[in-house]
Amino acid sequence: MERRVRVRFAPSPTGALHMGGVRTALYNYLFAKKHGGDFLLRIEDTDQTRFVEGAESYIQEALKWCGIVPNEGQGYGGDLGPYKQSERKEQDLYRKYAEQLVTENKAYYAFDTPEELDKMREDLKKAGVAAPQYNSISRARMQNSISLSAEEVEKRMQAGEPYVIRIKMPRNEEIKFKDIIRGWVSVHTSNLDDKVLFKADGMPTYHLANIVDDHLMNISHVIRGEEWLPSAPLHIHLYEAFGWSDTMPEFAHLPLLLKPDGNGKLSKRDGDRLGFPVFPLEWKDPTSGEVSSGYREKGYFSSAFVNILAFLGWNPGTSQEIFSMDELVEAFSLERVGKAGSKYDPNKARWFNQQYLREKNNESLAEELLENHADIEELKGIDKTFLAEVCGMMKERATFLVDIPKEGDYFFAAPTEFDEKTTRKKWKEDSASLMTGWLTEFEAIAEPSSEIIETKFKLFLEKRELGIGRVLPLFRLLVTGKGMGPSMFQIAALLGKEETANRMKVGISTLG
Ligand code: GLU
């Protein structure tokens with residue numbers, strides 16, 4: 001029988017979720033949905049020293065905003081919980097498994113103090129070992145249940161001496177596994193150390209908790225960032241040591257996200273330094289108070305953000321670029337995820353948002369503006385139908401929704417300034433009388449629709465034997481204060497006869 005697809009996103013709440021983390025969650029989600037499986041959220045918070053206030057709720061909110069919603073896990077229910085490792089630890093679940101390995105001689109107790117560990121590293125360095133490790137060779141000279149007698153171990157335990165449990169990595173074996181993205185990966189155990197599985201503070205390490213939980217939660221595929229690839233051989237070894245090889249998940253390590261110049265990994269620390277956010281939502285660091293911007297607050301649509309992330313490592317193999325979540329589910333496969341690091345391109349990201357903006361209907365844009373950006377001064381007390389018309393005229397020219405009221409401020413109030421360059425180039429001595437002439441014609445229109453205004457405007461040009469470039473920029477300047485914008489005839493029709501005429505009058509007398 002085919003195994004049910006069950007994948008998990010397993011972040012550690014050590015700060016805001018980086019966009020690379022959201023991409024990992026997204027690929028897991030897409031994979032689960034594609035195969036009719038489950039997508040779990042598990043919070044890996046065993047490292048208490050790295051706990052950050054608010055990080056867990058940030059993760060939850062970010063996933064929700066993106067529509068990457070788990071169907072099981074922390075905050076989503078399920079029979080295999082708790083789904084937060086600190087709560088699982090309370091049941092002494094991890095200790096039991098670590099002890100099992102000790103009993104079977106696959107792990108051991110180690111009592112070494114930090115000073116003893118330092119000394120071991122120093123001694124080995126002096127002896128010419130470039131990267132000293134606690135491993136199958138050095139363990140013999142350390143304070144552990146392999147080097148010490150059973151009585152000595154018992155005595156130390158009775159005395160309450162702190163100890164950890166380390167994996168007993170075999171000396172001369174090859175660990176091999178097939179990564180879905182990278183193909184065969186093979187590592188010799190002589191290059192691996194005896195990692196700590198269980199800490200002196202009673203907490204499991206990431207390695208132990210991760211493997212135990214993936215096993216107990218019936219995880220079928222582990223899809224995670226490339227930074228975890230070096231840990232994978234230890235994880236494979238742990239599955240074997242526990243006797244769980246038959247149900248071991250398949251692994252897929254996703255490519256790194258690189259800075260726009262391709263120079264290194266895009267990291268949390270890049271913050272806004274490179275001119276774009278690295279976090280989905282704004283994040284205020286609780287310790288430093290430092291605020292980092294988020295895609296949501298910058299005005300990205302969550303659908304565009306998801307589309308951007310989908311393409312950072314995956315491609316559909318066709319020229320289609322715009323994908324809804326449902327289309328992504330349909331098209332996604334791990335086979336089409338590349339090995340090479342993926343460069344983040346901020347211009348392309350803006351382009352994606354622009355495409356989504358153009359596709360949305362005017363009414364929903366107006367609604368979204370009124371709901372989420374009510375603080376924008378221009379929007380106070382604005383009629384929704386009027387705003388929808390403005391959105392229709394402006395959306396082709398904008399990248400973000402908030403550009404519409406900002407760049408189209410003249411829809412909401414008469415201009416108080418006139419574009420300097422246009423004024424300098426176009427406003428001549430006879431412009432006032434010329435525009436007064438057009439004003440008279442305009443005011444004579446009984447019901448000015450954009451078509452009628454355009455017809456009358458053209459007649460006016462013919463009568464005076466003038467080119468469009470002589471008069472239209474002046475009309476725009478007087479009514480909007482700008483040198484560019486959408487159709488002037490549509491603008492004038494929307495503003496209405498009285499408002500347009502008033503603005504022209506004020507403009508003519510101001511510019512003289
Ligand atoms: N807790 C790990 C992290 O923070 C999870 C790694 C994994 O998916 O195995 O990324």
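For ligands, and for the atoms within them, numbers begin at 1 and follow the listed sequence.
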Consider only side-chain N and O atoms of [X] and [Y], and report whether a donor and an acceptor are under 3.5 Å apart.
| X | Y | result |
| --- | --- | --- |
| S186 | E174 | yes |
| S190 | H188 | yes |
| Q74 | E56 | yes |

Between F9 and ligand 1, find which residue part has any heavy-atom pair under 4.0 Å and reply side chain, backbone, both or neither. neither
Proximity to ligand 1 by part of T14, non-hydrogen separation under 4.0 Å: neither
At a 4.0 Å threshold, what atoms of ligand 1 neighbour a non-hydrogen atom of E44? 1 (N), 2 (C), 5 (C)
Just jot down the ligand 1 atoms closer than 4.0 angstrom to any heavy atom of N210, in number order. 7 (C), 9 (O)
Considering heavy atoms of the protein only, find what lies nearest to [atom] and give residue, atom and distance to 0.1 Å.
| atom | answer |
| --- | --- |
| atom 8 (O) of ligand 1 | R8 NH1, 2.7 Å |
| atom 4 (O) of ligand 1 | S12 OG, 3.1 Å |
| atom 6 (C) of ligand 1 | Y206 OH, 3.4 Å |

When only distance counts, is A10 in polar contact with ligand 1, meaning an N/O pair under 3.5 Å? yes
For F301 and Y356: C-alpha separation, side-chain torsions, deciding distance, then whether ring pair (Phe, Tyr, Trp, His ring centres under 6.0 Å) applies. CA-CA 8 Å; F301 295 113; Y356 276 82; 7.2 Å; no
In terms of heavy-atom contacts, does CD of E359 have more than 12 from other residues, nucleotides or ligands at under 6.0 Å? no
Does the ring centre of Y239 sit less than 6.0 Å away from the ring centre of H235? no
